[in-house]
Colleague: 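Sharing a structure below in structure tokens format, with a few things to ask.
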Amino acid sequence: LVLVMVHSSMASNTSLRRGSTSGIGRATALALSARGADLLLPCRDVTQGEALRDEISHFKTQARVSVFHLELGSLTSVKEFTDLICKKESKLDVLINNAGTMPMSYQRTEDGYEMQWGVNYLAHAMLTLYLLDLLKAARQGRILHVSSIMHRFGRIDFSSIHRPRRYFWPVLYSQSKLATVLFSHQLAKHLAGTRVTSNVIHPGTVGTQIVRGMPQWMQRIMHGFALSPAEGAAPSVDLACNPAYANVSGAYFNKGKRARSSSRSHDPRLAMALWHETLRLCGVNETLSRIDAS
């Protein structure tokens, strides 16, 4: 059973636009269903999610596909979704955190967080923490976080997570992606000795809707050398399914090849500061917080 995001981009210059089942999420879902994986598809637009489910069924795969509403800009929505999944399912084999946003102007989530921090990082971290019991119940659970090579330019500034002093989207995007890498590495340490792994992936520059808020000339340049969504999804599909990665945890993959993430992503003090702040912001209860002492 695989949970894969099919939000695609939520970028906009004014307000959150309706999500779509395009990009890496859609390509990942199609590839996994072709391998017979049962899928949980959380999406912003349930109608489009159901259209993707119908498309998958058209190929006559044996995959079970369930569509759910999830708004990553709302931690209440994340909690309601994880509560529902924990009631409906007894285990989760793979969790793929691959949704994202990159707005060109300052926006906030429902909870008051800067949009890129709230959506790209915090919502995914909360989702992961509240689904850990299901992943631990699997024969071998795998958590895959989709980040970006831009994490190398990131710095963690906790004062910016609500209202940055100056909004410059690449700085905030890089921060959210560095936080993702730090979280993945730290989570792998806390899961040592369990059957659950945590790894992070840079899929390459992929031609998706996430750049739609950029000027047209910039979009044309990026799409000129970008990978297709199917090519961008391939590393996640391989890490989700390949038995060779059963015992690999705490790793960073660049376009499918194991690499070393930035030196800042291996800073133990920064990792622990982010870990504790993340648990606090996510309102993690005592049962889940015990992973902090393991």
Side-chain angles (χ1 to χ4, degrees), residues 2-5 24 28 91-100 120-156 174-204 233-279 282 284 288-294:
V2 182
L3 191 156
V4 55
M5 301 288 182
I24 295 178
T28 303
K91 66 169 186 168
L92 180 62
D93 297 289
V94 181
L95 169 61
I96 303 178
N97 291 319
N98 65 325
N120 296 351
Y121 174 65
L122 191 60
H124 288 89
M126 183 175 181
L127 186 81
T128 302
L129 291 168
Y130 280 92
L131 292 177
L132 277 181
D133 283 346
L134 290 184
L135 287 152
K136 290 178 179 179
R139 186 162 59 93
Q140 198 269 301
R142 303 186 187 194
I143 305 169
L144 308 177
H145 312 267
V146 176
S147 182
S148 167
I149 199 168
M150 285 184 70
H151 84 275
R152 296 187 178 279
F153 307 104
R155 295 177 180 272
I156 303 297
S174 298
Q175 173 175 254
S176 71
K177 293 304 180 179
L178 172 60
T180 297
V181 180
L182 282 160
F183 179 77
S184 179
H185 290 344
Q186 193 66 22
L187 183 62
K189 293 178 182 178
H190 289 288
L191 291 172
T194 73
R195 298 189 299 271
V196 183
T197 61
S198 174
N199 293 295
V200 63
I201 305 163
H202 164 55
S236 294
V237 174
D238 189 35
L239 281 167
C241 302
N242 194 330
Y245 298 115
N247 298 311
V248 176
S249 191
Y252 171 79
F253 291 84
N254 185 339
K255 291 182 284 189
K257 296 182 179 180
R258 192 162 180 172
R260 181 169 175 80
S261 56
S262 70
S263 58
R264 196 170 285 118
S265 72
H266 293 278
D267 182 332
R269 291 186 178 181
L270 182 59
M272 287 307 298
L274 177 66
W275 179 259
H276 288 297
E277 184 67 0
T278 300
L279 293 181
C282 292
V284 171
L288 285 173
S289 66
R290 281 204 293 270
I291 62 176
D292 185 45
S294 62

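Source: prediction; values computed, not measured. Hydrogens, waters and symmetry mates are skipped; everything else that's a heavy atom, side chains included, is used.
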Colleague: Which atom names give the shortest non-hydrogen contact between Ala179 and Leu274, and what distance separates them?
Modeller: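 Taking every non-hydrogen atom into account, O-CD2, 3.5 Å.
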
Colleague: Mind running side chain to side chain contact (heavy atoms under 4.5 Å, CB included) on Leu239 and Val248 for me, showing each step along the way?
Modeller: CA-CA 9 Å; Leu239 281 167; Val248 176; 6.0 Å; no

Colleague: Side chain of Arg195, backbone of Lys136: donor and acceptor closer than 3.5 Å?
Modeller: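 Checking the backbone N and O of Lys136 against the side chain of Arg195, a donor-acceptor pair under 3.5 Å is found.
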
Colleague: For the side-chain contact (heavy atoms from CB on, under 4.5 Å) test, which of Leu3, Val196, Asp93, Leu92 pairs with Leu134?
Modeller: Leu92

Colleague: For Ala259 versus Asn254, what's the shortest heavy-atom pair and its separation?
Modeller: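 Answer, listing the atom of Ala259 first, then Asn254: CB-CB, 4.0 Å.
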
Colleague: Considering non-hydrogen atoms only, spot the tightest contact between Met272 and Gln186 and give its length.
Modeller: SD-NE2, 2.9 Å

Colleague: Would you kindly say whether Tyr252 and Ser147 are connected by a side-chain donor-acceptor distance under 3.5 Å?
Modeller: no

Colleague: Please report the closest heavy-atom contact between Met126 and Cys282, naming both atoms and the distance.
Modeller: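 Residues Met126 and Cys282, closest heavy atoms: CB-SG, 3.5 Å.
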
Colleague: Do Asn98 and Ile201 come within less than 4.5 Å of each other through their side chains, counting heavy atoms only?
Modeller: no

Colleague: To the closest 0.5 Å, what do you measure between NE2 (His202) and NZ (Lys255)?
Modeller: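 If we round to the nearest 0.5 Å, His202:NE2 and Lys255:NZ are 5.5 Å apart.
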
Colleague: Start with the C-alpha distance between Leu279 and Leu129, add both sets of side-chain angles, then the distance that settles side chain to side chain contact (heavy atoms under 4.5 Å, CB included), and finish with yes or no.
Modeller: CA-CA 9 Å; Leu279 293 181; Leu129 291 168; 3.9 Å; yes

Colleague: Let me confirm one number: the CG-NE2 distance from Leu132 to His190, rounded to the nearest 0.5 Å.
Modeller: 11.0 Å

Colleague: Where the side chain of His151 meets the backbone of Ser148, is there a donor-acceptor pair that is under 3.5 Å apart?
Modeller: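 Flag set: sc His151 to bb Ser148 pair under 3.5 Å.
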
Colleague: Quick one: ring-ring contact (aromatic ring centres under 6.0 Å, His included) partners of His145, sequence neighbours excluded?
Modeller: Phe183

Colleague: How far apart are the C-alpha atoms of Leu187 and Trp275, what are their side-chain angles, what is the distance that settles it, and do they pass the side chain to side chain contact (heavy atoms under 4.5 Å, CB included) test?
Modeller: CA-CA 9 Å; Leu187 183 62; Trp275 179 259; 3.9 Å; yes

Colleague: Can you sort out the partners of Ser261 under side-chain hydrogen bond (donor to acceptor under 3.5 Å, both in side chains), two or more places apart, ordered by chain and number?
Modeller: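 Ser261 satisfies side-chain hydrogen bond (donor to acceptor under 3.5 Å, both in side chains) with His185, Ser265, His266 once adjacent residues are dropped.
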
Colleague: Taking all heavy atoms of Ser249 and all of Thr197, pick out the closest pair and write down the distance.
Modeller: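 Closest heavy-atom pair between Ser249 and Thr197: OG-CA, 3.5 Å.
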
Colleague: Rounded at 0.5 Å granularity, tell me how far OG in Ser176 sits from CE in Met150.
Modeller: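 The distance works out to 8.5 Å.
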
Colleague: Please report the interatomic distance CG(Leu144) to OG(Ser184), rounded to the nearest 0.5 Å.
Modeller: 8.5 Å

Colleague: Quick one: does any side-chain atom of Arg258 pair with a main-chain N or O of Ala251 as donor and acceptor, under 3.5 Å?
Modeller: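 Not a single qualifying donor-acceptor pair exists.
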
Colleague: Nearest 0.5 Å, what's the CZ-CG distance between Arg152 and Leu178?
Modeller: 11.0 Å

Colleague: One pair to check against side chain to side chain contact (heavy atoms under 4.5 Å, CB included): Thr180 and His124. What are the steps and the verdict?
Modeller: CA-CA 9 Å; Thr180 297; His124 288 89; over 6 Å; no

Colleague: Asn97 and Thr128: side-chain donor and acceptor closer than 3.5 Å?
Modeller: yes

Colleague: About how many Å separate OG1 of Thr28 and CD1 of Ile24, when rounded to the nearest 0.5 Å?
Modeller: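 Rounded to the nearest 0.5 Å, the CD1-OG1 separation comes out at 6.5 Å.
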
Colleague: How close do Ala246 and Gln140 get, counting heavy atoms only, and between which atoms?
Modeller: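 Smallest interatomic distance, heavy atoms only, reads O-NE2, 3.1 Å.
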
Colleague: Any donor and acceptor pair, going by atom type alone, linking the side chain of Ser198 with main-chain N or O of Ile143 inside 3.5 Å?
Modeller: no

